[in-house]
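As the structure is a prediction and not an experimental result, all values here were calculated from the model. Sequence lines set the chain letters: A, B, ... in the order given, protein chains first and strands last, and positions in each chain run from 1. FYI, side chains are in, hydrogens and waters are out, and symmetry mates aren't considered; it's all heavy atoms of this structure.
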There are 2 protein chains.
Amino acid sequence: MTSTYEFPRPALTVDCVVFGLDEPDLKVLFIRRDLEPYRGKWALPGGFVHVEESLEDAAKRELREETGLEKVFLEQLYTYGDVDRDPRERVVTVAYYALVRLSDHRVVAATDARDAAWFGVHDVPRLAFDHDRILKAGYHRLQNKLRYEPVGFELLPRKFTLRQLQRLYEIILDRSLDKRNFRKKILGMDVLEELDEVETDVAHRAARLYRFNQKRYREMVKQGVNFEI
Amino acid sequence: MTSTYEFPRPALTVDCVVFGLDEPDLKVLFIRRDLEPYRGKWALPGGFVHVEESLEDAAKRELREETGLEKVFLEQLYTYGDVDRDPRERVVTVAYYALVRLSDHRVVAATDARDAAWFGVHDVPRLAFDHDRILKAGYHRLQNKLRYEPVGFELLPRKFTLRQLQRLYEIILDRSLDKRNFRKKILGMDVLEELDEVETDVAHRAARLYRFNQKRYREMVKQGVNFEI
DNA sequence: CGCCTTCGTGTAGAATCTACACTAAGAGGA
DNA sequence: TCCTCTTAGTGTAGATTCTACACGAAGGCG
């Protein structure tokens, strides 16, 4: 079954920059290509947009098919449309970035016959197409996002300690933060719920666990509260 | 001449949200559609992406063809890909927003047979497709952008007074700013060149003219300087 | 020359940011 | 049981930045 159009059309794909926190590293997920071009090279998970699915649906579907990931935080990043991005033909790619809780999704690589693997964000192999550029944009966006919105919770277990959260910020923003100031700031945002639980299995005083209160956050966003770190 | 593909492909278009400052209003440019669907309705300037041109080139070309505008500030906004955006068929639209110096481009509407017109951003007619949504996103983006980056100069004449600049900020951000604090802040950024000229044709003391020093700005961005207002 | 309008400037008090160090809790081993 | 080790959890002073606010100077115009 084929489709015919009066004028030639670019192919349309989605690609996802998938971040996961694997302390002490921020990791990104790639799949190994099993087709030409760039066969055997690592690439961002992604693929063609079907004509009856939205862009976001396409991104979700590709993530599920290629990496087994579901229900992750997903946001549009940028659309890449230079004419020579793909050696075969004109391809326009809508890039998304995703944040996944590795605590929930341990076994990603195994879910599919395809070869998937996490790489440290500062230690990425040569990538197919212009995917290094997309990766860079995704990382940059994550850093900016984190600076202005409390989005990091998507990378942590649902219950976490303030120390874990601070480490996350330090890893992503790539600079160290003062413990007391960080706690003041983040608690002052008033979007964390203090739980009646502490962490377990640590060989020292256990830290209190917190949970992100998304409902409260959304209310505060409406009121125009600032979440800058 | 037709093109045939194995699978159906969405059509790909670009649309531009074009802002211009026409004191005391921020205006947006629309064209009146002369084809179905939405014939006679106002719509964002835009059109199909040719297969041999980049997305940005397509946006520039459409702007030129439909509105006569050239060499304007142009930046990608968001890509809209819901399946039912267009009643005819699946259309994916990469939206851009543009800032134009009305002082340089007075006669936009006349350049083409097509019907083009500026509307106050708070006083826009019913628009074709989901263009009201795109407009909203563009306006929102402009506000955010202005808040964090000195981008407003693109809307002013190359030489301008601090008062003009402040008015611009007030119009776009939709709140009044303190004169002295604004001047301190903006001059403290160190990206304005004080000229040896003052405004003319005013019936009161003439204000000094300034010019935006883009080179200096770029250097400062590299150093990670903050341009928040 | 007087009037009118806008230009251009400083400061004090409030709020926020930054840098910094010690006691408390709990686990583990002697 | 007690000593040691590690991290938890907390407050403050000084510097910086933000905010609110008013008046003399310049220059065109009648």
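Per the geometry, CG belonging to B/Asn181 stands 13 Å off C1' belonging to C/dA14, to the nearest Å. Between the C1' atom of D/dT16 and the NZ atom of B/Lys185 lies a distance of 12 Å, rounded to the nearest Å. Rounding to whole angstrom units, CZ of residue A/Arg208 and P of C/dA25 are separated by 13 Å. Nucleotide D/dT6 holds its P atom 14 Å from the NZ atom of A/Lys179, rounded to whole Å. Atom CG of A/Asp178 is separated from atom P of C/dA21 by 11 Å (rounded to the nearest Å). One atom, CZ of A/Arg175, and another, P of C/dA19, lie 10 Å apart when rounded to the nearest Å. Computed from coordinates, the A/Leu165 CG to D/dG9 C1' distance equals 16 Å when rounded to whole Å. Residue A/Phe182 contributes atom CZ, which lies 13 Å from atom P of D/dA8 at whole-angstrom precision.
Annotation for B/His204: atom NE2 counts as buried by contact number, over 12 foreign heavy atoms lying within 6.0 Å.
An OP1 or OP2 oxygen of C/dT6 is reached within less than 4.0 angstrom by no side-chain nitrogen or oxygen of B/Arg163. For the pair A/Arg183 and D/dG9, the criterion of a side-chain N or O lying under 4.0 Å from OP1 or OP2 is met.
Here the side chain of B/Arg205 is nearest to one of D/dA26, D/dT19, D/dG9, namely D/dA26. Which of D/dA8, C/dT9, D/dG11 sits closest to the side chain of B/Arg180 comes down to C/dT9. Distance from the side chain of B/Lys184 is smallest for D/dT19 among the nucleotides C/dG8, C/dA19, D/dT19.
Closest-nucleotide positions on DNA chain C for A/Ala206 and B/Ala207 were compared, and the one nearer the 5' end corresponds to B/Ala207. For B/His204 and A/Ala203, each mapped to the nucleotide of DNA chain C holding its nearest heavy atom, the one lying further toward the 5' end belongs to B/His204.
Between atom OH of residue B/Tyr169 and atom CD1 of residue B/Ile229 there is a gap of 4.5 Å, rounded to the nearest 0.5 Å.
A donor-acceptor pair under 3.5 Å links the side-chain atoms of B/Gln76 to the main chain of A/Thr79, judged by distance alone.
Using a cut-off of 4.0 Å between Lys/Arg side-chain N and Asp/Glu carboxylate O, B/Lys60 and B/Glu56 are scored as salt-bridged. One finds no salt bridge joining A/Arg163 and A/Glu199 here, because no Lys/Arg side-chain nitrogen approaches an Asp/Glu carboxylate oxygen to under 4.0 Å.
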